[in-house]
Amino acid sequence: KRLEQCLEQALHHFGLRLRESVALNDLACAIASIIEGVWLNQCLSDRHPCDPSQPVATSLRRSGRLLWQGAVQPSEVA
C-alpha cells in the first residue's frame, strides 16, 4: 500500500497518469517483483546478469525505467 501511495504522488508530481490497461496495484507489484528479483540476483553476483561489465544496479535501473515508461503517459491537458 505504501508503494502505491508513493507512485500516486509521483504521478501527480510529474503530471502523469497510468495507461488505461494499467492498475496502480499492478504497477506496484511489478516494481516490487523487480526489486526482489534483482536483490536475489545480487546474492549471487554484484554484476549485471547479462552484462558482466555493469553492476547489478544497472539491471534494476533499466528494468524499472522500462516498466515505468510502459505504464504511464502524460496527463490530458484540460
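Given the structure is predicted, the values throughout are model-derived calculations rather than measurements.
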Could you give the distance from [atom1] ([X]) to [atom2] ([Y]), rounded to the nearest 0.5 Å?
X   : Y   : atom1 : atom2 : answer
N41 : E36 : CG    : CD    : 12.0 Å
L16 : L7  : CG    : CG    : 11.5 Å
L66 : I34 : CG    : CD1   : 8.0 Å
R17 : S75 : CZ    : OG    : 6.5 Å
R62 : C50 : CZ    : SG    : 10.0 Å

Restricting to non-hydrogen atoms, name the atom on [X] and the atom on [Y] that form the minimum distance, rounded to 0.1 Å.
X   : Y   : answer
S59 : V38 : OG-CG2, 4.1 Å
Q42 : V56 : OE1-CG1, 4.0 Å
L24 : L11 : CD1-CD1, 4.3 Å

Are the side chains of [X] and [Y] in touch, meaning some heavy atoms are under 4.5 Å apart?
X   : Y   : result
R65 : Q69 : yes
D51 : T58 : no
P55 : R47 : yes

Transitive ILVMFWY side-chain link I35 to W68, under 4.5 Å: yes
L3/L27 under side chain to side chain contact (heavy atoms under 4.5 Å, CB included): CA gap, chis, key distance, verdict: CA-CA 9 Å; L3 183 52; L27 178 58; over 6 Å; no
